[in-house]
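Below is one structure, written out as structure tokens; comments come after it.
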Amino acid sequence: MKMLRLLLPVLALALVPSAAYAELPAGARTMIENAIATGDAAKVDAVISVARSSFPDDAAEIDALESGWKTAKAERDAAAEEARLSKIENAGMFELWKGEGELGGFQSSGNTDSVGIAASLKLKREGIDWSHRLQARVDYQRQNGTTSREQYLFSYEPRWQFNERMFVYGLAQFESDKIQGFSGRYAASGGVGYKLVDSGDLSLSVKAGPAYRVTEYTDGRTESRIAALAGLDFDWKIFERLTFSQDANALAETGGEAQLIVDGSNTSLTFVSGLDFKVTNRLRSRLSYQLDYDSNPPVGKVSTDTLTRATLIYGF
């Protein structure tokens with residue numbers, strides 16, 4: 001009995017380290033639980049990584065906490081996705097649209113040197129496989145009782161996304177720019193597109209397909225041509241509040257009337273670059289530059305028109 005009493009303190013001391021490492025310290029557990037409560041996956045991964053390196057003997061308990069977090073997150077994500085799909089499937093034609101309105105001024109050079117007002121409206125509806133894009137843009141100036149710029153653009157583009165990268169598009173577009181020499185230009189196109197890059201901060205997609213275009217010139221002539229359309233859409237979130245965007249559309253017509261023998265050629269290009277600065281969650285300021293090129297303009301007109309806009313954009 002005396003020998004047992006002498007051995008008890010020694011056994012207790014021997015058991016102390018084991019007890020200390022048998023359970024994750026309360027502070028470390030609280031730190032992991034607080035990270036999980038934020039719902040931020042990157043933060044949870046970082047905290048768990050630190051916990052593993054700081055308490056390697058408690059790896060089993062840390063793994064259990066991580067496994068529980070991942071299981072709960074997967075269940076929440078699945079429920080949220082199911083709710084999203086159900087909302088889309090049951091939405092009416094005029095629901096789920098998002099958009100932005102833009103208003104500001106511009107300075108132009110080329111066919112005219114002027115300052116005026118620019119306004120545009122963009123609407124977008126994302127479905128499960130289908131998306132719809134509507135755009136309207138107006139640039140207008142009246143100076144000394146005379147209209148010196150009157151440019152309009154309206155377009156509608158439906159898309160069917162048949163896998164993560166590739167899509168099929170359709171496009172119906174109307175333009176009017178009397179300064180460039182046409183009172184109306186109608187285009188219809190359809191083809192395929194591909195998302196080359198699709199990450200959180202960077203996206204790049206291209207599209208191409210045949211087109212048909214009818215141009216009504218200010219001198220009374222009307223021309224109908226078969227064309228080929230190519231487009232590019234690039235967006236780069238440089239940092240949290242600054243985004244660079246680049247849109248380009250090129251339309252090369254065949255060399256003649258669609259219904260006759262080829263006897264000429266014409267290529268037009270629209271090139272728009274912009275920098276957006278986020279003011280609030282809904283309000284942005286934008287500085288953009290647009291170049292319109294027509295390889296075969298009407299007599300008395302130049303091939304290139306440029307437009308610099310400084311605008312405010314409100315998202316809704």
Side-chain angles (χ1 to χ4, degrees), residues 102 104-120 122 135-144 146-155 171 173-187 189 206-209 211-235 244-257 262-276 286-311:
E102 182 177 3
F106 66 84
Q107 183 274 327
S108 67
S109 64
N111 285 306
T112 182
D113 295 317
S114 60
V115 177
I117 294 174
S120 73
K122 292 182 179 180
Q135 180 182 4
R137 189 179 70 231
V138 177
D139 295 309
Y140 182 80
Q141 183 189 27
R142 189 171 179 82
Q143 186 175 8
N144 298 324
T146 303
T147 300
S148 58
R149 187 172 191 91
E150 189 176 3
Q151 186 179 47
Y152 304 96
L153 182 142
F154 303 95
S155 67
L171 176 67
Q173 182 171 290
F174 167 78
E175 298 175 84
S176 177
D177 190 341
K178 294 181 180 179
I179 302 301
Q180 284 191 311
F182 58 90
S183 56
R185 186 155 66 186
Y186 309 84
S189 177
V206 294
K207 63 184 179 184
Y212 182 73
R213 184 161 71 171
V214 178
T215 304
E216 298 173 346
Y217 292 98
T218 53
D219 61 8
R221 290 181 299 119
T222 299
E223 292 182 350
S224 302
R225 298 179 184 273
I226 289 185
L229 183 144
L232 176 146
D233 187 0
F234 174 69
D235 292 289
F244 173 77
S245 63
Q246 176 67 71
D247 297 309
N249 285 295
L251 203 152
E253 297 181 354
T254 55
E257 304 297 331
V262 173
D263 63 2
S265 64
N266 186 41
T267 299
S268 61
L269 170 69
T270 298
F271 181 90
V272 184
S273 296
L275 277 175
D276 286 13
R286 172 179 291 172
L287 179 64
S288 63
Y289 175 81
Q290 177 176 329
L291 183 148
D292 292 312
Y293 171 77
D294 193 330
S295 67
N296 188 21
V299 176
K301 306 297 182 179
V302 300
S303 295
T304 304
D305 244 13
T306 64
L307 193 66
T308 301
R309 299 183 183 96
T311 54

Open item on the list: Run Y186 and F174 through ring pair (Phe, Tyr, Trp, His ring centres under 6.0 Å) and show every step you take.
Closed with: CA-CA 5 Å; Y186 309 84; F174 167 78; 5.1 Å; yes
- [ ] Take S189 and K207 through the side chain to side chain contact (heavy atoms under 4.5 Å, CB included) test and state the conclusion after the steps.
- [x] CA-CA 11 Å; S189 177; K207 63 184 179 184; over 6 Å; no
TODO: Carefully, step by step, assess Q246 and L232 under the rule side chain to side chain contact (heavy atoms under 4.5 Å, CB included).
DONE: CA-CA 8 Å; Q246 176 67 71; L232 176 146; 4.1 Å; yes
Open item on the list: Please evaluate residues Y140 and I117 with respect to the criterion side chain to side chain contact (heavy atoms under 4.5 Å, CB included), reporting the C-alpha separation (whole Å), side-chain torsions for both, the decisive distance (0.1 Å), and the verdict.
Closed with: CA-CA 6 Å; Y140 182 80; I117 294 174; 5.8 Å; no
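Residues F182 and T215 come closest through the heavy atom pair CB-CG2, 3.9 Å. Taking all atoms of both residues into account, the shortest heavy-atom contact from L153 to S155 is CD2-OG, 4.2 Å. Scanning all heavy atoms of the two residues, the minimum distance from S183 to T218 falls at N-CG2, 3.9 Å. Across Y212 and S224, no two heavy atoms sit closer than the pair OH-CB, 3.1 Å.
Residues Q173 and L229 fail the side-chain proximity criterion, which asks for heavy atoms closer than 4.5 Å.
Between the CD atom in E102 and the CZ atom in R137 there is a gap of 9.0 Å [rounded to 0.5 Å]. Expressed to the nearest 0.5 Å, how far CZ of R286 lies from CG of L275 amounts to 10.0 Å.
Of the possible donor and acceptor atoms, none in the side chain of E216 sits under 3.5 Å from a partner among the backbone N and O of R185.
Looking at K301 and D294, no side-chain N of the basic residue comes within less than 4.0 Å of a carboxylate O on the acidic one, giving no salt bridge.
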